[in-house]
Amino acid sequence: MTASPLRRSLPAHMVLETNGHANGHANSHMNGNGGDHSSYGTQKPWLVQKFGGTSIGKFIETITGTIVQSYLPTNRVVVVCSARSSESKSKGTTNRLLKAAASALVPGSIDFIEVVQEIRLDHLDAAQTHISSPDILKRVQDEVNQDCDRLRSFLEAAQIIEEISPRSKDIIMAVGEKLSCRIVAGLLEDRGVETQFVNLENVIEAVFDVNCLDQNFYDYLSRAFASAVSKCGHRVPVVTGFFGSVPGSLLTSIGRGYTDLAAALIAVGLDAEELQVWKEVDGIFTADPRKVKNARLLNIITPEEASELTYYGSEVIHPFTMEQVIRAQIPIRIKNVMNPVGAGTIIFPDQPSGVCTPNGRNTPPPSSKVLLENGYQLDLSRRHPTAVTIKDNVWVLNIHSNRKSVSHGFFAQIFSTLDQYGIAVDLISTSEVHISMALGANVNETEMEKAIESLRSIGTVDVMKEMAILSLVGKQMKNMVGISGEMFSTLAKAGVNIEMISQGASEINISCVILERQAIEAMNVIHEALLSNVGKIAQLHEDL
Ligand SMILES: Nc1ncnc2c1ncn2[C@@H]1O[C@H](COP(=O)(O)OP(=O)(O)O)[C@@H](O)[C@H]1O
Ligand SMILES: N[C@@H](CC(=O)OP(=O)(O)O)C(=O)O
C-alpha cells in the first residue's frame, strides 16, 4: 500500500521508469520560478489525473486542496484540465467559445464581444474567489486578461475576413483549456504546490494526412506530449487538454471530450502507472444511475465493455481513450471528485499472460489476478451481463430497393450517400433488398433530410424519429446461452415494442431499437431482470 489515503497499491509492474524516448516539442510556458530539472522524485511513478469541465467549475477547491496534493507523496502527478463549466457542460466555456465563433461570422454582430467578456469575468471571478496570495492572483488575472484580449482580436479579425476555418475554430476553442489551466495552476501555487503551465496547442509539428490518423499519429502525439510534460522538473505540470493542430481539426477528427484522449496519450508517453479520469459520478455503473435507481457501481470493467458503453450512450469517457491506454497496459480509473476516497471503477484488459506490449515488454499475468493479489476485490469472470445503456435521439431508416434484379451496388450506393453527408450508422440489419439502419441523430438535421432525399432514388425510404438504442453489454455474454431470449422476452412482457435487433457484430453487445419514450422503462426492466440479482442469473446460466 502506498502512503496516499486516496489510492490503493498497484501491481509492481505498473511502477515504471520515466519515458526516455520522448522527442516531441513542447510549447510550455513557465509559471512562477521557472523549470527545475533536478532529480527530485524521479523514482516516483507518474500518475495522470484528468479533470472534466464541470468538476473544475464546481469542485476546484477539492481538486487543488485535496485530490492532487494527496498523491504528491507517492507520485509525480500530471494534471490535465478541460475548459471550465460552472453549471453544466452545455453552458460551459467551450460551448460559449463556439457560440462566439458563430456570432463573429454574422456581419455587424457584436454578440461575440459580450461572450468573451462573460468568459473573462467568469474566470476572473473564480481566481478572485479562490486565490488568496495577491501576487499569484495578480499574475493569474493578467494571464486571463491577456488570453481574452487575444481571443477578442482574433474574433474581430475573423469577422473582417468573414471566415472561420475548422483550424480557426480549434484556435478559439483552445482558449477554454488555457484559461482553465491558468486558474488551476494558480490555485495549486496558492496552496504551496509548484506548478508549470503546459500548453499542448502547438506540439504537433509533423504533417499528417487527414485520412491517415492511424496508430503512428497517436504514437507521435504521446511522445510529443510526454516530452512537453517531462520538461517540468519537480513542478506539477498543469496541461491543456486541448491539443492541436490535428489534421482535419480537433473538433472534426476527435470531437468533443478530447481532453480524455489528451490525458490518455500523456499517460502512454510517460508510461504512467495509472490514468485517473475524475468526474461527478462514482465510476461506471450497471446503468445510468440517474435513470435506474438500483444501478450498481462496477469495480472493474474491460476496455471493450467500456467502449461499447460509451458508443451506445453512457458517455463516461471519450471512446478513443481506451485503445491508446490499454495498448500500453495502463489502467484507467474513473473517480468521483465528490467522493475522492471511493475506489472508483478501473478499466483494465483481461488479456492472457505473456502478451507482448507494443514496446516489447513481456507483461505479467492477467490483470484481475494481479490486481486481486494486490488487494483489489475485483473479478472479471462474472457470468452475467455487465451493464445496460440507452442512446436517445436515434433515427431509423428503412430502405427497400427498387431494383428488380440482383442487389449488388445497393449497399454501396447507400453508404456512399451517407458518407457524402457525414452520417454515421450505429446499427444495421439487412436482407438482399432491404436495409434498416439506426443513426445517431447528432448529425445536422438538414444534412440528414438531404441524404434521405438522395436515398429515395435507390428505393423507398421510411424514416422513424424519436427512437432509442437499448444495448446490453457484457464480456461474458458470448458464453451465456439464452441471454438474448431473456432480454427480448423481458421487453415483450413489459410491452416494449422492438423495431430492430442487432446481435453478433460485437460479441459483447446485444442491441435493439425501441421507441425513445419507452427507453427508461425498458432499461429499468432489463436491469431488474438481468443485472439486479446477479447471483440468481449466474446460477441460471450455470444450470443451462
Ligand atoms: N453506466 C453509467 N455509469 C455511470 N454514469 C453514467 C452511465 N451511463 C450514463 N452515465 C452518466 O454519465 C455522466 C458522466 O458523469 P459527469 O461527470 O456528470 O459527466 P460530464 O463529464 O459529461 O459532465 C453521469 O451524469 C451519469 O449519469
Ligand atoms: N472542453 C472540451 C473538452 C472536454 O474534454 O470536456 P470534458 O472533459 O468536460 O468532457 C469539451 O467541452 O468537449
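Atom set for the values below is all heavy atoms of this structure, side chains included, hydrogens, waters and symmetry mates excluded. These numbers were taken from a predicted model, which means no experiment stands behind them. Counting starts at 1 for both ligands and their atoms, following the listed order.
Considering backbone and side-chain N/O atoms, E315 never comes within less than 3.5 Å of an N/O atom of ligand 1. At a 3.5 angstrom cut-off on N or O pairs, F51 does not count as close to ligand 2. Checked against a 3.5 angstrom limit, the closest N/O atoms of T286 and ligand 1 fall outside it. Polar contact with ligand 1: present for R290 (N/O pair, distance under 3.5 Å). Residue K50 places at least one N or O, backbone or side chain, under 3.5 Å from an N or O of ligand 2. The distance criterion of under 3.5 Å between nitrogen or oxygen atoms is not met by V281 with respect to ligand 1.
Residues E315 and K391 are not paired through a salt bridge, judged by the lack of any N-O separation under 4.0 Å between the basic side chain and the carboxylate.
When heavy-atom distances to ligand 2 are checked against a 4.0 Å cut-off, M173 has no atom that comes that close, whether in backbone or side chain. At a 4.0 Å heavy-atom cut-off, ligand 1 touches P289 through the side chain alone. Contacts with ligand 1 closer than 4.0 Å are made by heavy atoms of both the backbone and the side chain of D288.
Of the possible donor and acceptor atoms, one in the side chain of N336 sits under 3.5 Å from a partner among the backbone N and O of M338.
Within the structure, the closest approach of S314 to ligand 1 falls below 4.0 Å when heavy atoms are considered. Under a 4.0 Å heavy-atom criterion, L309 is not in contact with ligand 1. Contact annotation: G257 has at least one heavy atom less than 4.0 Å from an atom of ligand 2. Heavy-atom distances between E177 and ligand 2 reach below 4.0 Å in at least one pair.
For E280 and T54, the side-chain atoms include at least one donor-acceptor pair closer than 3.5 Å. Looking only at atom types and distance, the side chain of E177 has a donor-acceptor partner in the side chain of Y258 under 3.5 Å away.
Put simply, atom 13 (C) of ligand 1 has no protein non-hydrogen atoms near it, under 4.0 Å away.
F225 pairs with exactly one of L270, V198, V203 by the side-chain contact (heavy atoms from CB on, under 4.5 Å) rule, that one being V203. Exactly one residue among I56, T66, I67 makes a side-chain contact (heavy atoms from CB on, under 4.5 Å) with V337. That residue is I67.
With values rounded to the nearest 0.5 angstrom, L187 atom CG is found 5.0 Å from I60 atom CD1.
I330 and A267 make their closest contact through CD1-O, 3.3 Å (heavy atoms, listed as atom of the first residue, atom of the second, distance). Taking all atoms of both residues into account, the shortest heavy-atom contact from T259 to G241 is CG2-CA, 3.5 Å.
Listed by number with element, the atoms of ligand 1 under 4.0 angstrom from any heavy atom of G283 are 3 (N), 4 (C). Per-residue contacts place T54 under 4.0 angstrom from the following atoms of ligand 1 (heavy atoms of the residue considered): 23 (O).
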